[in-house]
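Heads up, the thing below is written out as structure tokens.
Everything quoted here is computed from the prediction, not taken from an experiment. Sequence lines set the chain letters: A, B, ... in the order given, protein chains first and strands last, and positions in each chain run from 1.
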Amino acid sequence: MYEAILVCSVALIAVALYGFYSKRHMIKMVISVEILVNAANLLLIAFGAYRAPGYVELLPQSLAILSISSAGGVTAVALALILAVYKVYGTVDVRKLRRLRG
Amino acid sequence: MVIWTLAFGCCTIPIVGWVSDRLGLRYVREWYSSLVIALAFIPYILLIRLVARVGVVVYPIPSLFHSILTVDMVSVFFILPILIVGFASSIYSTSYMSHDTGLNSYYTLLSAMILGMIGVVSAGDFFTFFLFWEVMSISSYALVAFRKDRWEPVEAGFKYLVMSSAGSALMLSGIAIVYGIAGTLNFAGIALAMRTPVLASDPWLILAISLIIVGLGIKAAIAPMHTWLPDAHPAAPSPISSLLSGVMIKTGVYGLLRFYILFQTLHAYWSLILSILAFLTMFIGNLTAMFQTDIKRLLAYSSIAQIGYITFALSIGTIQSISAALLHVFNHAMMKGLLFMAAGAFYHATGSRDISVLEGVGRRMKLTGVILSIGLLAIAGMPGLNGFVSELLIVSAAIQQELYLQAALTIINFVISVAYYLRLLQRIMLKEPRSDLSRVEEAPATMIAGMVILASLCVFVGVYPSMFISISELAGRVALDIGSYITSILGG
Amino acid sequence: MMEAWLCWLTPICGALLTPILARLGHKVRDYGAVVFSLLAALFASRLIPIAVEGKIIWERYGWMPIPGAPVYVGVLVDPLSVIMANVVSWISFLIMLYSLEYMHGEPGLTRYWFLMNFFIGNMLLLVLSDNLLQMFFGWEGVGLCSYGLIGFWYRDDRKYWVGTPPDEYPPSHSGMKAFITTRMGDVGMLVAMLAIYSYSGTFSIPELQSNTMWASTLMESGLLTPILLLMLLGPIGKSAQFPLHEWLPEAMAGPTSVSALIHAATMVKAGVYLVARIAIIAASLTHIIGFESFHTFFIVVAWIGGFTAFLAATQAMVARELKKVLAYSTISQIGYMMLALGAAGITANFVEGLTAGIFHLVSHAVFKASLFLASGAVLHVCETKYMDEMGGLRKYMPVTFTSMLIAALSLSGVPPLLGFWSKEAVLKVCFETGDVALFVLSAATAAITFFYSLRMISITFLYPKSKHLEELEAEGLHIHEVSPIMWIPYCLLAFSTLILGVLGRLVEEFFHESLSHIIAAGHLEAVVESHGVGFDPSIASLLASVSALVIGGLPGYWFYVARRGDPYSIVEGSVILKAVWRFLWNRWYINRLYYILFVNIPISLAKIMNRWIEVGFFNGLQYGVSLITLRLAILVDRFMEVGFFNNLQYGVAELIARICRSSRYLQTGSLNINMYQVSIILIIILLILLVSMGVL
């Protein structure tokens, strides 16, 4: 059971990393961040269940909740930034954001 | 208690700002936030005395799932530059940001960021660590992209956000795995669990270490994960740049140091990875800085190189090298904070960050120019200023461990970096100013005040380094004495 | 010992304050600088009681407690350093006073005062420091100030050039020459210091004296003499001894006050001071490892000193510029000091040798400073640097004439002036070595010294008024005595050489007494009996000095004072004399040889190397990138145009620049690529860990 969840979350990490370097839509980048955070949360829950089978382990779950809420904050800032980018650049293609280089 | 002062500030700054806006009072909010940060020095001094007496101070945070703050000598050593640079940049902002809007949120975010950094370095478990890490990160995302109607901050801010939040998530995954192995989030508990050598080659642990190094490495701007830094640091308002470059990237270093301490059975592997990354970082930072045309971008690359030196010192892993790394963290915070502020003062006065435009501006803005020269000479390692002291300590720590090749490579990097620092100094201070700089005036008094605080510390540490060396050596000793760390937190 | 610290800190603070004082007005800046040097002199004189009582005070504080290699700052106050500090600070003060008038109205005076005070501070730091590392800081500091002050007129106006065409050099070139030449010596000295440190684990001079392990280890490995000789390179460069003496004549391109302070009275003595320190260390080690182990070193010192004294004195006989005569004579007199110190080691009679060396150092500082300052006044008035364009000045400048005469006679060793006693002391220790050749050489030098002193004084003051001066007067310029603020310093110095000369024996006794406290142990006295030439060394030296005066004085008087014969026509008439003259005039061809060896040949080598590197470098890359072909064309173009000096650096610099520029491409600016890097490094770290832990 734990193993399935663990493998699943490692797979999610891989998916997120793939998304980071292949997707050019900015919102998809933010979704990749979300996937990565969820992978971490899943790991936390799985290990929480593994350490105390049959019980609800308080510490990892609360850390997961904290992470979910902070991811919400990050997403909010990210969406605001995407809006600002759209206003300035007129695009949400992340590969068009290449004025800063060298 | 330092944290409570700043948290109080975070909560009250918007109120004070709103009220003073309504009453039409200028600069109340600015002075109030500087005052709050200045007040945080009082509990900090009490804290130092307590730590000096007790060793490790443990504060439980009420009603927050057994989470604790543990403050030992290392934390105290990291809090000092955060408070000093925070205070200086808060004063500096008073005139630098005076033409901006949204200042209520600016000062709130500023103190939240300082709060977050202090929380990170005084956390006692991963729950607290991650909580403050996110406080610090989110407020810094917002601050980098503060001038959101221009292209540069927005682009840099988005890149920074994606990379840094991905880094936090990777680190969190690593923490989850560590929890799965150790069964606790408490630093001391993890350290206790990691003492069993059986665990050392657990594949999950290896994955956890890689994730944590990458996660922290992104924040610390270790190559090749540094790519957000040269964009974000120049794009941010200058006081924020000096906080980011001066102290925020050092929280990543702090994280690496803590993990290094906790995983004491894995020191060899940890050192191997860190030293490889350190030299990559040094060379990339120094070589790329050489031909930069933007003064703040040059400073940003130089920060990357300095992180390389610090990481190298961490990777050696002796008391001398850790204390050298700590001292360099402090010195670099002073120097780089100073340099970013001076660059910001030039930008404020001329509206340009292009070095070819700024040529000779030091002759028009003499005081700022002199301060910039102090910073540049310090970071170039001139004897008598602070950079020399810690760079010498790093090299001598390497030589004591008979790492001659590494010491030689580090010295080569010092030499390369001297080239562009002195070239910058020569162009800013000695060239004839361009004609369109003729009406440039000296920076306002509050900006000068912020810089003078840091410059005087640069000189003080350089001239009288023995006190700082002995404190950092104490901190290094404490850092590596994991046994007494565990006993003082978990008891017996 | 607060005074010792303040003594060197005050001028440095004064230097740093100069730009701020300059804001308050020119008068404040000028007088402020002089006051700071006066304060240093007063602090130094507070130390005199220590020298009289023969106490040694050593204080140090940890500066950087680096584990295993702590760095200290400290002061060592013993009779030697007190004597040096007082000579330096008091003469500096007088010269600063003189500069008030002499440099009046020059542009760039803030720089001048800054460098002067910074120089004084560094020189005092050098003589008062307790460890070699700190001494090295002062050593480099004075070198830097010397470089800055030689090239003070860095715009290279024609009138500030030094030398006679075609061997004429601008001030900036001379400064560079001095800097590079002395740096060659410093490299050797630094290597030697580090070598000694690696054996002894300390830089501290008192510890090197008390801890004798390092010396015996070094001696057993046979490295003691080589390391000491490397160390000697530093003093040779700094004190302008053969073979690194060629920078000093050109150093006269600086203002005369600078020549007086740095290139006659103080900085060039730093080398002598260091050799004296080595001699003291050697003296305290002789009872452990025997004085024979230092024998070679001291023979080298003595011979370098004796030979340099002769070499430079012969060149002074034919010099045409007033300041050059003094410069050659400075080199020559420093040779005497080195000779005395070397003789100290050869005879193992350290106290007597040291006394002679330091006594001559002090007396030379006094009379040479006076000579330089007076010559500065003469140059000021006559607006020329050549002696044959002066003449007849005795009538116009009586005070300057009198003081210069006294100082020149003291230089020549005419009794009862101070120079007589010190030179006699040097000759005496030289005689005690039993080395007849060395003794004859130094006695001959003394004769030559009297000859060129008489020549200098007569041509400048006693000859009929030159055409140049008459032209000046025709232009309406009034030749007159300089103002008191200028003549008081050199008059005072000349006067003190007379007064101290009358008390000569007592002064020598004082030096002997106080310096003997440093070399306390009685067993050092007369380890070697004088190599029985048969009679008393003091009578021998007295005889030698008197006969030297006669031998040198008679022709000098005949040709120049009485003007019974025309030296020019005699030289022109004889082939041999003309060849000798040309040999001396071309400075024994040493200068020309150095230029060929170290300037011309490297430049041509650089040309060849450059072509080779450039072309080879590009051939390699050409195939890869098509863009480089274009680059090559541009480079070849530049290679033809740009001077060869840049070109050697160009190849290396271009390589580094290329690496730097290409490293900028790592910053792609694409977030996708950034994250790709992160993923890749994650996998790499994972792999490294898996492999190194043996899981894979």
Original post:
Contact part of C:Ile673 toward chain A, heavy-atom cut-off under 4.5 Å: side chain, backbone, both or neither?
Top reply: neither
Original post:
Counting only N and O atoms by type, is there a donor-acceptor contact under 3.5 Å from the side chain of C:Asn672 to the main-chain atoms of A:Arg24?
Top reply: no
Original post:
Is it the case that more than 12 heavy atoms not belonging to C:Met184 sit under 6.0 Å from its CE atom?
Top reply: yes
Can you give me every donor-acceptor pair (side chain of residues 75-90 of chain A, partner residue at least two apart or in another chain, under 3.5 Å) with its distance?
{"unit_1": "A:Thr75", "atom_1": "OG1", "unit_2": "A:Glu34", "atom_2": "OE2", "d": "2.7"}
{"unit_1": "A:Thr75", "atom_1": "OG1", "unit_2": "A:Ala71", "atom_2": "O", "d": "2.6"}
{"unit_1": "A:Tyr89", "atom_1": "OH", "unit_2": "B:Glu155", "atom_2": "OE1", "d": "2.4"}

Original post:
Looking at CD of C:Gln667 and CZ of A:Arg98, how far apart are the two atoms once the value is rounded to the nearest 0.5 Å?
Top reply: 10.5 Å
Subject >> Side chain / backbone / both / neither for A:Lys96 at chain C, heavy atoms under 4.5 Å >> reply: neither
Original post:
Near A:Tyr18 OH, under 6.0 Å, is it more than 12 heavy atoms from other residues, nucleotides or ligands?
Top reply: no
Original post:
For the atom pair OG (C:Ser679) and CZ (A:Phe20), what is the distance rounded to the nearest 0.5 Å?
Top reply: 8.5 Å
**OP:** Tell me, yes or no, whether the heavy-atom count around A:Tyr50 atom OH, taken from other residues, nucleotides or ligands under 6.0 Å, exceeds 12.
**Re:** no
Subject >> C:Phe137 atom CZ, over 12 foreign heavy atoms within 6.0 Å >> reply: no
Subject >> Donor-acceptor contact below 3.5 Å, side chain A:Arg95 vs main chain C:Ser670 >> reply: no
Subject >> Spacing of C:Leu671 atom CG and A:Leu100 atom CG [to the nearest 0.5 Å] >> reply: 12.0 Å
